[in-house]
Amino acid sequence: MSDPVEIQVVDLPGHEGEEVRLRGWVETVRLHGRVAFVVLRDGSGIVQCVVQKAAVGEELWEEVSQLSQESSVAIRGAVEREPRSPGGFEVKVAEMKVLGRADEFPIQPKEHGVEFLMDHRHLWLRSTLQRAVLRVRHEVTHAIHEFFYAEGFTRIDTPILTGSIGESAGTLFSTDYFGETAYLAQTGQLYLEAACPAFGKVYCFGPTFRAEKSKTRRHLTEFWMVEPEVAFADSEENMRLQERFVSHLVRWAIERCAPELETLERDTSSLERVSAPFPRISYSDAVELLRQKGSEIEWGSDLGGADETLIAEEFELPVFVFNYPREAKAFYMKENPADPRTVLCNDLIAPEGYGEIIGGSQREDDPERLLRRIREEDLPEEAYEWYLDLRRYGTFVHSGFGLGIERTVAWITGRPHVRELIPFPRLMNRLAP
RNA sequence: UGGGGUGUAGCUCAACCGGCAGAGCGCCUGGCUGUUAACCAGGAGGUUGAAGGUUCGAGCCCUUCCGCCCCAGCCA
């Protein structure tokens, strides 16, 4: 196999009538006695390859009839336009070489249970739906960097191993760090606040870890979060950034992932409507609305998943719920001057029951109030000295938010469970593969 | 952690009231020159999650344990 050019499936249309070489994996083989159809996947697409016994001879025919699903092969053949073939093109095989014969492949093109698929996650990644959702994830993460680059943000990589700092120590993974305890980061925000006076607009993007014992379709113990932080932005500006950002991600995915979304049978009409501004409802109004709809919720308690879904049903777009009670939120959020029972913050709830995809807030910039809150929450004061320093050396109004990648991709792809939307999910009861 | 559900062939699932352990897919063998998760014929494949109990007899009923799924809480 030397002379013909090696191409990828995606480039087949430009090589009609030529002889080419391809390498990839066998998705299916259909044998018919003297003709065989081999569907080849090379990562860029799939193509049906036709082997005719009369054209290739006994020896190769024997090899084709022994071909197993997911074997890796190299082929040489002519590219032809063929309406009966999926994708409209076909390769007439002249030569084929098995590069790596596959044992009996556990995953068949049929229904499987979740546990079985997760046990075989390393092989499940090859299947059509998983390729589609992970491709959408890739485009969404690309759009994140593209958006912030265009907006003049500087990317700051925050540490994963941290001392005792963050929101609440009960949900942190801990590990030994040369004799002292280190925690896996559950947010990069506090470090971003430190970088904010250096660069003005910053963001981080990486894995975060929560040791919460949650077993729901919206939770992972390791998930990816993008967190921007903007100097001199108040809560209102923060929400305006969020709605522009989310609109950008959705529009990007629709434009770049049309084939994938079609594979996933995602009705994109609701996604097409997503553009700023998004509707806003205060926490207090949301509680009022929920009580009118029959909920028993009392002012002061946080909104549950069912509450969020009820609120989302009222709007066609993602909806901001802003200014929650202080007790329901983190210590670093700024007190609302107009109503000190509440803090200047917001969640963004995705439509169609996909739940909270963003949590954001204006940060407390007053050193006295911040210290009071740290003491109220019984946090180790010494560990927050450097964080308090940020208020002592040129304090400034600033705001930021965190967007969960897996939840966002769940919403865009219409998949029900976040465990499919990260290549190797980490759940309470799953650490492998 | 609480509530609900579930566990049978490699996979997805049947098995009536407690009465011989079944099918489809996959795999193996044979047939077939246009299939689209091809089709046709044949074959192999089982500690019914584990332990105990009731019964002439348990996949099925009871007890305990284990795994998984869904919902709630916590959150992105």
Side-chain angles (χ1 to χ4, degrees), chain A residues 27-39 46-56 61 65-66 68-70 80 82-87 90 92 102-120 123-124 127-128 166-168 170-171 186-189 205 207-227 242 301-309 324 328-330 346-350 354-360 401-411 416-419 421-422 427-430:
Chain A
E27 286 217 339
T28 57
V29 185
R30 290 184 289 273
L31 280 170
H32 293 271
R34 288 182 197 157
V35 63
F37 300 92
V38 177
V39 176
I46 59 168
V47 64
Q48 174 167 290
C49 306
V50 185
V51 186
Q52 287 183 314
K53 190 175 182 180
V56 298
W61 180 255
S65 60
Q66 296 297 316
S68 55
Q69 184 189 348
E70 290 302 324
E80 288 184 10
E82 172 53 71
R84 289 172 294 185
S85 175
E90 196 170 76
K92 295 275 197 274
D103 293 345
E104 185 183 335
F105 199 66
I107 299 174
Q108 301 169 32
K110 54 171 278 193
E111 287 286 315
H112 290 285
V114 172
E115 192 182 9
F116 175 81
L117 289 170
M118 278 299 172
D119 284 342
H120 296 86
L123 303 177
W124 187 24
S127 64
T128 309
E167 289 174 25
S168 52
T171 58
Q186 61 173 353
T187 173
Q189 179 204 319
F205 182 51
T208 53
F209 306 88
R210 304 275 166 96
E212 293 155 1
K213 292 186 175 174
S214 352
K215 292 171 79 171
T216 82
R217 59 199 173 87
R218 289 203 281 268
H219 288 85
L220 297 163
T221 54
E222 177 181 308
F223 66 97
W224 283 62
M225 183 160 69
V226 55
E227 297 176 274
Q242 289 168 49
S301 58
D302 205 354
L303 268 39
D307 300 320
E308 287 176 355
T309 304
Y324 283 70
K329 290 293 176 182
N346 72 272
D347 287 350
L348 181 66
I349 301 170
Y354 287 95
E356 182 185 341
I357 57 172
I358 283 180
F401 63 90
L403 174 136
I405 305 307
E406 291 78 14
R407 288 185 185 180
T408 302
V409 177
W411 166 45
H417 201 303
V418 291
R419 67 188 158 210
L421 306 172
I422 185 168
L427 300 158
M428 205 179 129
N429 54 356
R430 179 162 298 277

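To find a chain, count down the sequence lines: A is the first, B the second, and so on, and within it residues start at 1.
Judged by atom type and distance alone, A/Thr171 does not reach the base of B/rC74 through any side-chain donor-acceptor pair under 3.5 Å. Counting distance only, with no hydrogens placed and no angle test, the side-chain atoms of A/Arg430 and the base atoms of B/rC68 include no donor-acceptor pair under 3.5 Å.
Looking at residues two or more places apart in sequence or on another chain, you find a side chain to side chain contact (heavy atoms under 4.5 Å, CB included) between A/Thr128 and A/Arg131, A/Thr263. The side-chain hydrogen bond (donor to acceptor under 3.5 Å, both in side chains) test applied to A/Ser68 returns A/Ser71, not counting sequence neighbours. With sequence neighbours left out, A/Lys213 forms a side chain to side chain contact (heavy atoms under 4.5 Å, CB included) with A/Met428. Taking A/Leu117 as the reference, A/Ile107, A/His112, A/Trp124 meet the side chain to side chain contact (heavy atoms under 4.5 Å, CB included) condition, with sequence neighbours excluded. Every residue meeting the side-chain hydrogen bond (donor to acceptor under 3.5 Å, both in side chains) condition with A/Gln48, not counting sequence neighbours, appears here in chain and number order: A/Arg30, A/Glu90. Contacts of A/Arg84 classified as side-chain hydrogen bond (donor to acceptor under 3.5 Å, both in side chains), with partners at least two apart in sequence or in another chain: A/Glu82. For A/Asn346, the side-chain hydrogen bond (donor to acceptor under 3.5 Å, both in side chains) criterion is met by A/Gln242, not counting sequence neighbours.
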Any protein N or O atoms within reach of nucleotides 1-3 of chain B? Criterion: under 3.5 Å, listing atom names and distances.
none

If you restrict it to nitrogen or oxygen atoms, what contacts under 3.5 Å exist between nucleotides 40-47 of chain B and the protein, and what is each distance?
none

Grab the N/O contacts between the protein and nucleotides 21-23 of chain B below 3.5 Å, and write none if there aren't any.
none

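Between A/Trp61 and A/Val56, the shortest heavy-atom contact is N-CG2, 4.1 Å.
For RNA chain B, runs of at least 3 consecutive pairs of the Watson-Crick or G-U wobble type, with both hydrogen-bonding distances under 3.5 angstrom, map to B:1-7 with B:66-72, B:10-13 with B:22-25, B:27-31 with B:39-43, B:49-53 with B:61-65.
No donor-acceptor pair closer than 3.5 Å links the side chain of A/Ser214 to the backbone N or O of A/Thr216.
When heavy atoms are screened at a 4.0 angstrom cut-off, A/Asp347 is found touching no nucleic acid atom at all.
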Nucleotide-resolved protein contact map, nucleotides 30-37 of chain B, B/S/- at heavy-atom distance under 4.0 Å: --BBBBBB
